[in-house]
Chemist: 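Right, I'll just put the structure down here and ask away after.
The chains referred to below are lettered A, B, ... by the order of the sequence lines, with proteins before strands, and numbering in each begins at 1. Just so you know, these numbers use all the heavy atoms, side chains as well, and skip hydrogens, waters and symmetry mates.
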2 protein chains.
Amino acid sequence: MAIDTTPSALTPLSPILEAAQECFVEQGYHGTSIRVIAARAGLSVPGLYHHYRSKQQMLQDLMKHAMTSLYRQSEDALAAAASDPLAQFNALVGCLVRFHAFERAPAFIAYSEIRSLDEEARREHIARRDAQQRLMDQVIEAGVAAGEFSTPHPTEASRAIVTMCTSVAQWYRMDGPLTPDELVDRYLVIARMTIGARG
Amino acid sequence: MAIDTTPSALTPLSPILEAAQECFVEQGYHGTSIRVIAARAGLSVPGLYHHYRSKQQMLQDLMKHAMTSLYRQSEDALAAAASDPLAQFNALVGCLVRFHAFERAPAFIAYSEIRSLDEEARREHIARRDAQQRLMDQVIEAGVAAGEFSTPHPTEASRAIVTMCTSVAQWYRMDGPLTPDELVDRYLVIARMTIGARG
DNA sequence: CTCTTCCGACCGAGCGATCGCTCGGTTTAG
DNA sequence: CTAAACCGAGCGATCGCTCGGTCGGAAGAG
């Protein structure tokens with residue numbers, strides 16, 4: 001039985017959503033017309049509307065897919081790691097960095113197009129973002145409670161670490177000087193220093 | 001002689017640019033029509049075009065104003081601080097956090113609308129961003145060379161610190177649980193741990 | 001097997017609305 | 001009287017989206 005070992009592999013997107021994702025990354029939601037999405041997907045405009053109700057729905061599907069993928073991967077990483085705070089922390093930071101390095105496009109959209117979402121979808125998206133943040137909050141809290149992490153400001157350190165990891169999607173290039181593994185290693189070292197992990 | 005002691009005070013924007021800034025923050029550049037900018041500024045559309053050549057020029061003026069303000073404030077903060085690496089680092093991190101807390105709107109636009117800039121303006125903007133990043137790189141390098149900072153990955157730590165500070169513009173609320181001074185204090189502690197400052 | 005029916009996938013054309021921007025003025029301050 | 005500041009109206013282009021189809025292959029009837 002073949003197992004997919006690709007790091008951070010997401011369930012695949014439809015060709016249409018793939019095209020929309022590329023356009024949204026390059027031009028933004030409002031800067032992208034459905035005509036260029038259709039052209040990039042090799043379809044006519046009505047052909048596109050046969051599969052999706054609106055441009056807004058494509059954005060919502062993309063954002064939901066990205067956030068639920070990240071959350072599920074985070075849960076899996078935490079479940080697979082040892083239960084001590086440092087192992088949990090390493091697993092979560094590694095997962096975050098890997099996701100934002102390998103899945104730059106969905107990750108970039110997930111935090112740059114929040115304001116383009118309809119009100120209800122925006123509420124749902126923010127709830128998912130908060131849940132993701134809470135994972136880090138809890139791991140750090142546990143580490144501080146166990147005396148493993150020495151940061152005097154766990155809440156702000158948690159926010160700082162999550163934002164430094166999510167920002168990876170903005171600048172990391174696969175063909176740059178750092179391989180993904182090197183990137184993860186270095187960010188693990190940096191993040192451990194940020195929360196004052198023992199040792 | 002009255003001295004303006006407001007932290008991070010920028011040279012004031014014209015009412016038109018102020019209106020454009022608010023619109024760009026709320027709806028994004030492509031999501032904002034010149035008609036709503038004009039309405040927010042209390043002008044007609046031609047009245048607006050009497051002062052600015054195009055919507056694109058308003059964006060360019062805003063981005064340039066934000067980046068040059070941040071850079072000048074950073075230079076001032078570094079010049080006013082003691083010359084030892086830790087004092088320089090504290091000055092620069094404090095300046096970054098303060099700017100992104102007090103000047104959320106310009107800071108937010110400066111990194112969220114890069115792709116909306118014309119090619120030449122985008123090149124200039126990225127050059128300014130790189131220069132800003134280099135300030136942090138140099139301060140951290142000096143600290144590592146002097147044995148004051150112990151991070152094994154100065155380049156990535158510099159990027160991590162700059163991104164955690166700039167991300168403040170995304171989430172900080174003046175009416176939230178942290179005053180600006182508390183925020184700066186905590187981020188200084190966190191940033192010093194991130195680069196492994198002595199003591 | 002052929003014929004008919006049906007349905008999902010798709011498209012050319014174009015609707016009404018809005019876009020960035022401008023023309024040809026009038027108003028206002030000095 | 002000049003010039004800067006401003007505006008009503010509207011240009012051509014493009015926007016998101018839809019109407020009224022065509023087309024090919026699966027399914028059912030004989």
Chemist: OH of B:Y52 versus P of D:dA4: gap in Å, rounded?
Modeler: 17 Å
Chemist: Rounded to the nearest 0.5 Å, what's the gap from CG on A:L13 to CG on A:D61? Could you check?
Modeler: 9.5 Å
Chemist: Looking at C:dC10, I'd like to know if its phosphate oxygens (OP1 or OP2) sit under 4.0 Å from a side-chain N or O belonging to A:H50.
Modeler: no
Chemist: Quickly work out the A:I37 CD1 to C:dC11 P distance and round it to whole Å.
Modeler: 15 Å
Chemist: Just the rounded figure in Å: distance from P of D:dT18 to CG of A:L48.
Modeler: 12 Å
Chemist: Each nucleotide N or O in nucleotides 18-20 of chain C that has a protein N or O under 3.5 Å away: list the pair and distance.
Modeler:
{"unit_1": "C:dG20", "atom_1": "OP1", "unit_2": "B:T32", "atom_2": "O", "d": "3.0"}
{"unit_1": "C:dG20", "atom_1": "OP1", "unit_2": "B:K55", "atom_2": "NZ", "d": "2.6"}
{"unit_1": "C:dG20", "atom_1": "OP2", "unit_2": "B:I34", "atom_2": "N", "d": "3.0"}
{"unit_1": "C:dG20", "atom_1": "N7", "unit_2": "B:R35", "atom_2": "NH2", "d": "2.5"}
{"unit_1": "C:dG20", "atom_1": "O6", "unit_2": "B:R35", "atom_2": "NH2", "d": "2.9"}

Chemist: Which one, D:dA5, D:dC7, C:dC11, comes nearest to the side chain of B:P46?
Modeler: D:dC7
Chemist: How many whole angstroms separate atom CG of B:L43 from atom C1' of D:dA5?
Modeler: 9 Å
Chemist: Give a yes or no on whether the backbone of A:D118 and the side-chain of A:Q56 come within a donor-acceptor separation of less than 3.5 Å.
Modeler: yes
Chemist: Has the side chain of A:Q60 got a donor or acceptor atom that lies under 3.5 Å from a matching backbone atom of A:A121?
Modeler: no
Chemist: So, does B:K55 use its side chain to make a donor-acceptor pair with the main chain of B:Y29 at under 3.5 Å?
Modeler: yes
Chemist: To the nearest 0.5 Å, how far apart are OG1 in B:T194 and CD1 in A:I190?
Modeler: 8.0 Å
Chemist: Rounded to whole Å, please give me the gap between CG in A:L59 and C1' in D:dC17.
Modeler: 17 Å
Chemist: Is it the case that the side chain of A:S69 and the backbone of A:H65 share a donor-acceptor pair, with hydrogens and angles ignored and the cut-off at 3.5 Å?
Modeler: yes
